[in-house]
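Beneath this line is the structure, given in structure tokens, with notes to follow.
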Amino acid sequence: MFKPLITAALIAAFAAPTALAGPAERLGRADHRLTAAEIRGDIQQGTRADHAEDRLDRYENKVDRRESRRDEAYDHGPRDVREDKLDRAENVLDRKEDRIDRRN
């Protein structure tokens with residue numbers, strides 16, 4: 001009787017973080033995997049896979065900027081303002097890193 005309940009609880013525990021992640025976070029996870037593959041040498045510069053990874057980076061940056069604007073529209077105290085500033089700085093660094101990657 002409890003075995004199906006325990007199984008369902010385990011499945012929910014592992015699936016919840018992915019299901020609750022926002023679009024920017026999901027794109028960030030996919031981008032992280034592609035960047036790791038590029039660093040390992042699985043994706044060569046100038047190939048179709050590299051071009052696809054570049055397009056994903058640009059789309060992720062666009063989604064991150066949208067999410068940051070939505071977050072900055074409402075302040076819920078000093079911690080929220082600090083988090084918004086950190087997010088903005090992270091977005092700037094991501095775009096800078098992507099520009100450097102495109103040059104190589």
Side-chain angles (χ1 to χ4, degrees):
M1 177 172 172
F2 289 108
K3 199 171 190 178
L5 182 62
I6 292 171
T7 305
L10 283 173
I11 291 170
F14 285 111
T18 304
L20 296 175
E25 189 174 338
R26 281 189 230 128
L27 282 170
R29 290 176 186 173
D31 180 51
H32 179 70
R33 289 186 192 112
L34 287 172
T35 302
E38 190 174 22
I39 290 170
R40 281 193 314 264
D42 295 340
I43 298 176
Q44 300 299 321
Q45 292 292 324
T47 61
R48 291 179 71 189
D50 182 49
H51 181 69
E53 194 248 342
D54 178 51
R55 300 298 297 169
L56 180 69
D57 285 341
R58 290 174 191 239
Y59 183 69
E60 178 195 11
N61 290 339
K62 207 182 295 185
V63 171
D64 281 342
R65 281 193 303 269
R66 266 189 229 133
E67 185 179 47
S68 289
R69 273 187 248 128
R70 272 195 305 264
D71 286 348
E72 290 174 12
Y74 301 100
D75 290 333
H76 300 287
R79 292 176 80 188
D80 187 45
V81 172
R82 285 194 301 267
E83 180 186 356
D84 292 342
K85 287 181 182 179
L86 284 174
D87 286 344
R88 195 175 324 122
E90 181 184 357
N91 290 342
V92 169
L93 288 175
D94 283 345
R95 288 193 306 270
K96 182 179 177 182
E97 177 185 311
D98 292 341
R99 280 193 301 271
I100 291 170
D101 187 40
R102 281 193 295 274
R103 271 189 241 139
N104 294 334

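What's counted below: heavy atoms across the whole structure, side chains too, no hydrogens, waters or symmetry copies.
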Exercise for review: To the nearest 0.5 Å, tell me how far Glu60 CD sits from Asn91 CG.
Suggested key: 9.0 Å
**Study point:** Pairwise distance CZ(Arg48) to CZ(Arg55) - rounded to 0.5 angstrom
**Key:** 14.0 Å
Review point. What residue among Val92, Asp94, Leu93 forms side chain to side chain contact (heavy atoms under 4.5 Å, CB included) with Glu90?
Key: Asp94
Exercise for review: Taking salt bridge (Lys or Arg N to Asp or Glu O under 4.0 Å) as the test, write out the residues that go with Arg65, two or more places apart.
Suggested key: none
Exercise for review: Please list, chain by chain and in numerical order, all residues satisfying salt bridge (Lys or Arg N to Asp or Glu O under 4.0 Å) with Asp54, sequence neighbours excluded.
Suggested key: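 Listed in chain order: Arg58, Arg102.
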Show every donor-acceptor pair shorter than 3.5 Å between a side-chain atom in residues 76-89 and any protein atom, with sequence neighbours excluded, or say none if there are none.
{"from": "Asp80", "atom 1": "OD2", "to": "His76", "atom 2": "N", "distance (Å)": "3.1"}
{"from": "Arg88", "atom 1": "NE", "to": "Glu72", "atom 2": "OE2", "distance (Å)": "3.0"}
{"from": "Arg88", "atom 1": "NH2", "to": "Glu72", "atom 2": "OE2", "distance (Å)": "3.4"}

